[in-house]
Amino acid sequence: MVYLGAGPAAWASSEDDSNLHSMEACAAPSISAFKLHMHYNSGQNGAYRNIGYSVYDFDRVQPGGSDPGAYPLTYCPGGSGTGQHIKNNAASGENEHYKYWARVYYNSGYKGAQDVMAPYQHIDQFRNVYNENASFQWTSS
């Protein structure tokens, strides 16, 4: 099973449901089927969250696709940053996908400056979106 966002649609409820509620979101990054790992601190330290699908806005994830039911993605328990919103709080990341590139954007909607991680690449400290990150998208390059 490939966890990959399906294009530029603003919100896709089944993907948002998985990013919010799947047990993979807080499984140890080394065993999670979700291949993007966002970290609260530099060097892949502190609290983390595993993400499986593209996220249009880290603060408005919509299970069921209804706007009134939008929720922020937050860091999992364990380490500094636990429970904090991912939006504007990520210092580092890791892409463990074998095929797809991970793009973390400054603005919601996959816009603005970005940091890009090739397959199996990590960034110890984001250059362009350090603590100013709002969305994420899988791409083929």
Side-chain angles (χ1 to χ4, degrees), residues 1-67 69-141:
M1 177 178 254
V2 174
Y3 295 96
L4 176 66
W11 289 287
S13 62
S14 66
E15 294 170 0
D16 280 355
D17 284 340
S18 291
N19 279 331
L20 268 175
H21 303 298
S22 174
M23 292 178 66
E24 298 298 326
C26 290
S30 61
I31 62 169
S32 177
F34 285 2
K35 298 303 180 189
L36 175 67
H37 315 299
M38 299 289 283
H39 294 268
Y40 184 77
N41 291 333
S42 298
Q44 289 80 53
N45 290 306
Y48 65 86
R49 177 89 182 203
N50 305 315
I51 300 172
Y53 295 94
S54 296
V55 179
Y56 190 81
D57 182 343
F58 285 131
D59 262 357
R60 299 193 55 76
V61 178
Q62 298 179 276
S66 61
D67 189 52
Y71 301 93
L73 282 183
T74 59
Y75 287 103
C76 301
S80 63
T82 294
Q84 296 292 317
H85 291 203
I86 290 174
K87 186 172 186 174
N88 298 331
N89 277 316
S92 61
E94 183 173 17
N95 176 10
E96 288 192 330
H97 203 286
Y98 76 96
K99 182 177 180 182
Y100 295 104
W101 294 59
R103 295 179 181 274
V104 181
Y105 295 87
Y106 189 91
N107 295 320
S108 298
Y110 321 124
K111 296 177 185 162
Q114 60 186 274
D115 281 300
V116 181
M117 292 172 277
Y120 297 115
Q121 182 184 10
H122 68 271
I123 296 176
D124 284 334
Q125 185 171 6
F126 290 128
R127 286 186 171 161
N128 300 308
V129 300
Y130 180 81
N131 289 339
E132 293 292 340
N133 53 288
S135 59
F136 151 73
Q137 186 174 42
W138 292 113
T139 62
S140 59
S141 63

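Residues take their numbers from the sequence shown, with the count starting at 1.
The distance from the OG atom of Ser92 to the OH atom of Tyr48 is 13.5 Å, given to the nearest 0.5 Å. Of the inter-residue distances, the one linking Ile51 atom CD1 with Leu20 atom CG reads 10.5 Å to the nearest 0.5 angstrom. With values rounded to the nearest 0.5 angstrom, Asp17 atom CG is found 10.5 Å from Ser22 atom OG. Separation of atoms OH (Tyr71) and NE2 (His21) is listed at 7.5 Å; rounding is to 0.5 Å. To the nearest 0.5 angstrom, Glu94 atom CD is 7.0 Å from His122 atom NE2. Here the straight-line distance linking atom OH of Tyr75 with atom OG1 of Thr82 works out to 10.5 Å at 0.5 Å rounding.
Between Lys99 and Pro119 the shortest side-chain heavy-atom distance does not fall below 4.5 Å. Looking at heavy atoms from C-beta onward, Trp101 lies in side-chain contact with Ser141 at the 4.5 angstrom threshold. Residues Leu36 and Met117 meet the side-chain proximity criterion, which asks for heavy atoms closer than 4.5 Å. No side-chain heavy atom of Tyr120 sits under 4.5 Å from any side-chain heavy atom of Asn95.
Salt-bridge formation is not detected for the pair Asp115/Arg127: no Lys NZ or Arg NE/NH1/NH2 atom is positioned less than 4.0 Å from an Asp or Glu carboxylate oxygen.
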Check the pair His37, Glu96 against side-chain hydrogen bond (donor to acceptor under 3.5 Å, both in side chains), reporting the backbone distance first and the verdict last. CA-CA 8 Å; His37 315 299; Glu96 288 192 330; 3.0 Å; yes

Report the C-alpha separation of Tyr110 and Ser54 in whole Å, then their side-chain angles, then the decisive distance to 0.1 Å, and conclude whether the side chain to side chain contact (heavy atoms under 4.5 Å, CB included) test is met. CA-CA 9 Å; Tyr110 321 124; Ser54 296; 3.6 Å; yes

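Asn19 places a side-chain N or O within donor-acceptor distance of the main-chain N or O of Tyr53, the cut-off being under 3.5 Å. Looking only at distances, no side-chain donor or acceptor of Ser108 sits under 3.5 Å from a matching main-chain atom of Asp57. Between the side chain of Trp138 and the backbone N or O of His97, no donor-acceptor pair lies under 3.5 Å. In this structure a side-chain-to-backbone donor-acceptor pair under 3.5 Å is present from Gln44 to Ile123.
Annotation for Ala91 and Tyr40: closest pair CB-O, 3.4 Å, computed over non-hydrogen atoms. Here the closest heavy-atom approach between residue Tyr130 and residue Ser42 is recorded as CE1-OG, 3.8 Å. Pairing each heavy atom of Gln62 with each of Asp16, the nearest pair is N-OD2, 2.9 Å. When all heavy atoms are compared, the tightest approach of Met38 to Ile86 is CE-CG2, 4.3 Å. Ala47 and Cys76 make their closest contact through CB-O, 3.6 Å (heavy atoms, listed as atom of the first residue, atom of the second, distance). Contact detail for Arg49 and Ala25: the closest heavy-atom pair is NE-CB, 3.6 Å.
Residues Phe58 and Phe136 place their aromatic rings such that the two centres sit no closer than 6.0 Å.
A side-chain N or O of His85 and one of Asp59 form a donor-acceptor pair less than 3.5 Å apart. Between the side chains of Gln137 and Arg103, no donor-acceptor pair of N or O atoms lies under 3.5 Å. Side-chain N/O atoms of Asn107 and Ser135 include no donor and acceptor closer than 3.5 Å.
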